[in-house]
There are 2 protein chains.
Amino acid sequence: MPYLKRQASCPEPIDCKILTAALNLFVKSGYHNVSIHKIQEEADVSIGSIYRHFNGKEGVAQALYKHILNELDELIDDVIANTQAPAKQIEEIIKQLFEHTETHPEIISYIFHTKHVEFLPNEPLMFDAEPFTRIKNIIKLSIDSNKASEMELQINNSLIMGSVTKLIQLRLDGLAKKPLVESLDILLEKLWQGLGVDLET
Amino acid sequence: MPYLKRQASCPEPIDCKILTAALNLFVKSGYHNVSIHKIQEEADVSIGSIYRHFNGKEGVAQALYKHILNELDELIDDVIANTQAPAKQIEEIIKQLFEHTETHPEIISYIFHTKHVEFLPNEPLMFDAEPFTRIKNIIKLSIDSNKASEMELQINNSLIMGSVTKLIQLRLDGLAKKPLVESLDILLEKLWQGLGVDLET
DNA sequence: TTGACAAGAATGAATATTCATTCTATTTTC
DNA sequence: GAAAATAGAATGAATATTCATTCTTGTCAA
């Protein structure tokens, strides 16, 4: 099973094999271009097992989705636990995302480069999911927003998460030559400047 | 003898009917969830015609893609013809995109809310397509970039196009309550501020 | 003006294929 | 040895594509 943090243990359990295989295939070809049979082949398990564990293809995609959102949520927990100022928390979250783009591109791709609605119609839109609403809140806190309207909050959020998402996608598509962490400082400088945030480092 | 006016002649040409139907269906359900038969039904033409005109489902999607990229290209032509300063050109392009999001949401959605690689594997990545490389160039011109590195240009581009894309997607998903044009001024202010661009209006 | 004829556009039933799912047999685990 | 897990061949529903036929339109001879 793909973990953001932990290493998978030695005798890989069958459901982890399935999820790992599915993740790789989904990311490479897109959900609809991947058949159960391909997953079965790649994971080196039987079709029966896939049905027993996940009750079919959509079940696999859904389990993956929830698993990864969970890990993202834990990542945010960690950042919050170890960082004080909201603005610093945002910086750290972005940094972590950029790093994971290098070390776990499939996971990041499944989050940031996939249109889940097209195969998980019953899941809430991703940016309504827990980790992203939390990020939105931290952004709100990090910017002096006494008199900020709903609309302005949305713009701030779009500036930060929009540019981060765009960079991640460029990198995943091979259009960004260097690891994103190298862009981090410049990006943050421009972001905070645009948003009028003063950081007393 | 008085006679009823003939049915309005000039019936919509068949390939337009097909493209319009396909666009609506693709945007609503996603390419892979739309069958040729649904297109046939929605367009009120025969399956044979779809094959005659576009040689199948993928052909329809491809024709749509090229058609829409073309229109976007023309939009940029217009803006360039009527606006001097690059920064103003960018502003106008963003404004047009925001307006089109209200008046032609399907078209904008097909551009900004679709993963084309998953069904048009032979088309270049969208942000490598003509209109977007042109936008990238205008952005480059609009920002004093004598000493700007490749990386910095990419960050600038991500800030602008990333936030614009994000806002458009929010609006298309119904998560932005008001038309985006109302956000335009604030967005531009923050963008230029972040990018260090002075506008002598 | 009329009717015969040709060219090509449109039709949609029939076909071929793909692929998710089911089901029974087999193996493993405790 | 019972229960749980795994296997993968068989099934059939969904769906892309083909193609023989019908319809439309334009041309030209009588």
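Lettering follows sequence order; numbering is per chain, from 1. All values reported here derive from a predicted model rather than from experimental measurement.
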Quiz item: Where the side chain of B/Ile47 is defined as all heavy atoms beyond and including C-beta, which of C/dA13, C/dT21, C/dA10 is the nearest nucleotide?
Solution: C/dA13
Quiz prompt | Ring-face cation contact, B/Phe112 with B/Lys166, 6.0 Å cut, 45° max | solution = no
Quiz prompt | Listed nucleotide nearest any side-chain atom of B/Val45, set D/dT6, C/dT11, C/dA10 | solution = C/dT11
Quiz item: Are OP1 or OP2 of D/dA7 and a side-chain N or O of A/Ser49 less than 4.0 angstrom apart?
Solution: yes
Quiz item: Base, sugar-phosphate, or nothing: which does B/His53 touch, judged by heavy atoms less than 4.0 Å apart?
Solution: sugar-phosphate
Practice problem: Side chain of B/Arg52 only, please: which of D/dA16, C/dA9, C/dT11 is the nearest? | Solution: C/dA9
Exercise. Could you run through nucleotides 23-30 of chain C and give me one letter per nucleotide, 5' to 3': B if any protein heavy atom sits under 4.0 Å from the base, S if only the sugar-phosphate is that close, - if neither?
Key: --------
Exercise. Return the value, rounded to whole Å, for the distance between atom NZ of B/Lys57 and atom P of D/dT18.
Key: 15 Å
Practice problem: Please tell me which of the listed nucleotides, C/dT21, D/dG8, D/dT17, lies nearest to the side chain of A/Ile36? | Solution: C/dT21
Quiz item: B/His116: what forms a ring-ring contact (aromatic ring centres under 6.0 Å, His included) with it, not counting sequence neighbours?
Solution: B/Tyr65, B/Tyr110
Exercise. Have a look at A/Val34 and say if it touches a base, only the backbone sugar-phosphate, or nothing, with a 4.0 Å heavy-atom cut-off.
Key: sugar-phosphate
Quiz item: Does A/Asn157 use its side chain to pair, donor to acceptor, with the backbone of A/Leu153 at less than 3.5 Å?
Solution: no
Quiz prompt | Minimum side-chain heavy-atom gap A/Val197-A/Ser142 below 4.5 Å | solution = no
Quiz item: When the distance from CG of A/Asn55 to P of C/dT22 is rounded to whole Å, what number comes out?
Solution: 7 Å
Practice problem: Would you indicate which nucleotide in C/dA10, D/dG8, D/dA16 comes nearest to any side-chain atom of B/His37? | Solution: D/dA16
Quiz item: So, is B/Ser35 near the phosphate of D/dT15, with a side-chain N or O under 4.0 Å from OP1 or OP2?
Solution: no
Quiz prompt | By ring-ring contact (aromatic ring centres under 6.0 Å, His included) - contacts of A/Tyr31 (at least two apart) | solution = A/Phe26, A/Phe119
Quiz item: To the nearest angstrom, how far is A/Glu41 atom CD from D/dG8 atom P?
Solution: 12 Å
Exercise. Could you verify whether a donor N or O on one side chain and an acceptor N or O on the other, from B/Glu123 and B/Gln62, lie under 3.5 Å apart?
Key: yes
Quiz item: Which one of A/Gln96, A/Gln89, A/Lys95 satisfies the side chain to side chain donor-acceptor pair (under 3.5 Å) criterion with A/Glu92?
Solution: A/Gln96
